[in-house]
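Each remark here refers to the structure printed beneath this line.
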Amino acid sequence: MASIGQIVNPTSGSDALSRARQRAALVPDCLVEAKRIANTVIAGWHGRRKRGIGENFWQFRPYAEGESLSRIDWRRSARDDHTYVREREWEAAHTIWLWCDMSPSMMYKSSYGNVSKESRALVIMLALAEILARSGERIGCPGIMEPASARNAAERLAAALMHTPLTGGLPETAMIRGWSDLVLIGDFLDDAPAIMERLGPLARRGLRGHVVEIADPAEEIFPYSGRTEFTDPESGAKLVSGRAEHIREAYRNAYLARRDSLGQSLRHLGWTFATHRTDHLASEALVAVHMYLSGMPAKATHGGQL
C-alpha cells in the first residue's frame, strides 16, 4: 500500500546541523502564519483582566459599608439611588514561559494531517507569544530566551529558535521561578510516569502548567493494514508487521490509555491538558490555551480534542 506517513524533510540520523538549518528555514513561515492566526483570535481581549492597582478603568460595583468614602464615584452614583465605587484594572506583568518539543518525532506528517506536528507546535507557540505580548505579559522560553515584555516578543522568540541547537525531551526549568505560567507543546509520547517525574516538582514549586498534546490523525486512528514497516524517528529502530490491522485495537487502546493517564495526572496537579490534532485549525488550540491562561474554562470539542 502507499505510504501514509513520512518524516518531513528527512536527514541522515546524525546530521543535527542539517536538521537545525531545516528548522531555521521553517520558523519564518510559521511566524507569518502565527501572526495571521493571532490577528483573527485576539479581538481586543486582554489575557488577564481583573481588578487591582492600575490606571485603566475596570468596572463599577456597589459601595460596601465601611469602605473609604474617597473611593465613591459620585458622578456614577448620581444617576440612580445607589452608591458606586470605581475599580481599576490590574496591570502587573506576568511571566509566561513557552516551550515546544523539537525532537525528531515532531517532524512526522501523515496524509491525514495538514502539517507536521513540529510546524503546528511552532505556530501555536509563536501565535501565543504574539497575543500575550500585546497584553503586556513577559514572555520567555526555557533555555532559549529570557523573559521580556516587548511588543515584538514573537519575532524575538522566532529569531532565538532559529539559532538554538536542537534538543529533545522536556526543557530545563531551573531558571523558572514560582508563580509563573508554563505552556508545554509537544507530542508527549513517552510513558506518563516518566513525564510526570519531570513535571511534578514544577507544580510543587508553584508553577501553573498548561500542556498541549499535538497529535497526527494517523497516530490516533492507526489506518495501516497489510505488511507495514514502522520506524522510530528517535532511535531509528524498525518494526515490521505482516498484518498491521491485527494490532490496530491493541495499539489504539495503549495510545489512548497513555493520554488518559497523562491528562488525569496533570489535572491532579492542578494543571490543564488538551489534545490538538493537526487536521484541525491551529486557532482552536490557541483559543483554548489563551482561555486557560485567563483563568476561564475552555470548551473542549471532538471528544476532548482541540
Side-chain angles (χ1 to χ4, degrees), residues 20 23-24 26-50 52-56 89-102 118-167 169-186 199 202-203 205-212 271-272 282 285-295:
R23 185 183 66 181
L26 176 66
V27 168
D29 288 342
C30 289
L31 178 60
V32 172
E33 177 68 3
K35 283 182 169 291
R36 182 190 69 80
I37 294 172
N39 285 332
T40 63
V41 168
I42 191 166
W45 60 7
H46 191 291
R48 257 178 192 62
R49 297 193 68 200
K50 63 182 182 181
I53 300 174
E55 297 297 327
N56 296 327
E89 182 178 349
W90 179 76
E91 294 179 346
H94 192 71
T95 300
I96 301 174
W97 296 86
L98 307 176
W99 174 87
C100 71
D101 190 1
M102 295 292 176
E118 179 185 51
S119 177
R120 181 53 55 84
L122 281 169
V123 165
I124 294 172
M125 180 172 71
L126 293 173
L128 195 55
E130 177 74 10
I131 290 179
L132 294 170
R134 295 188 194 184
S135 299
E137 310 290 13
R138 300 175 69 245
I139 309 302
C141 185
I144 295 178
M145 187 179 84
E146 290 294 319
S149 180
R151 293 281 292 182
N152 65 340
E155 289 89 345
R156 295 175 62 174
L157 178 55
L161 288 168
M162 292 172 62
H163 300 92
T164 300
L166 291 169
T167 57
L170 293 169
E172 292 298 325
T173 57
M175 76 293 295
I176 301 179
R177 300 294 180 261
W179 313 114
S180 299
D181 279 89
L182 175 63
V183 180
L184 303 173
I185 308 170
L199 299 185
L202 300 182
R205 278 165 43 190
L207 270 77
R208 288 204 322 164
H210 314 275
V211 174
V212 181
W271 286 26
T272 67
L286 182 60
V287 169
V289 177
H290 190 264
M291 293 181 72
Y292 286 142
L293 289 168
S294 302

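Model, not experiment: these values are computed from the prediction. Side chains are part of it too, since the values below use all heavy atoms of this structure and drop only hydrogens, waters and symmetry mates.
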(request) Could you tell me whether the side chain of Met125 reaches within less than 4.5 Å of the side chain of Val183, counting heavy atoms only? (result) no
(request) Kindly write out the residues that satisfy side chain to side chain contact (heavy atoms under 4.5 Å, CB included) with Pro142, not counting sequence neighbours, or none if the list is empty. (result) Trp97, Trp99, Pro171, Met175, Ile176, Leu182
(request) Applying side chain to side chain contact (heavy atoms under 4.5 Å, CB included), name anything that partners Ala129, two or more places apart in sequence or on another chain. (result) Leu98, Ile139, Ala154, Leu157
(request) Could you pull out the closest heavy-atom pair between Leu132 and His290, with the gap in Å? (result) CD2-CD2, 4.5 Å
(request) Compare every heavy atom of His94 with every heavy atom of Glu137, then report the nearest pair and how far apart it is. (result) OE1-N, 3.0 Å
(request) Mind checking side chain to side chain contact (heavy atoms under 4.5 Å, CB included) for Ala148 and listing every partner two or more places apart, or none if nothing turns up? (result) Arg156
(message) Could you work out, with side chain to side chain contact (heavy atoms under 4.5 Å, CB included) as the rule, every residue matching Ala121, not counting sequence neighbours?
(response) Cys100, Met106, Ile185, Ile214
(message) To check you understand the geometry: which heavy-atom pair defines the closest contact between Leu122 and Cys30, and what is its length?
(response) CB-SG, 3.9 Å
(message) I'd like to check the side chain to side chain donor-acceptor pair (under 3.5 Å) partners of Thr272; sequence neighbours left out, ordered by chain and number.
(response) His210
(message) Could you report the tightest heavy-atom contact between Ala160 and Met145, atom names first, then the distance?
(response) CB-CB, 4.5 Å
(message) Can you tell me how far apart CD1 (Ile131) and CG (Asn39) are? Round to the nearest 0.5 Å.
(response) 8.5 Å
(message) Restricting to non-hydrogen atoms, name the atom on Ala174 and the atom on Arg205 that form the minimum distance, rounded to 0.1 Å.
(response) O-NH2, 4.5 Å
(request) Return the minimal non-hydrogen interatomic distance between Ala153 and Ala133, and the atom names on each side. (result) CB-CB, 3.7 Å
(request) Quick one: list whatever passes salt bridge (Lys or Arg N to Asp or Glu O under 4.0 Å) with Arg36, sequence neighbours left out. (result) Glu33
(message) My understanding is that only one of Thr95, Leu207, Leu293 makes a side chain to side chain contact (heavy atoms under 4.5 Å, CB included) with Asp181; could you say which?
(response) Leu293
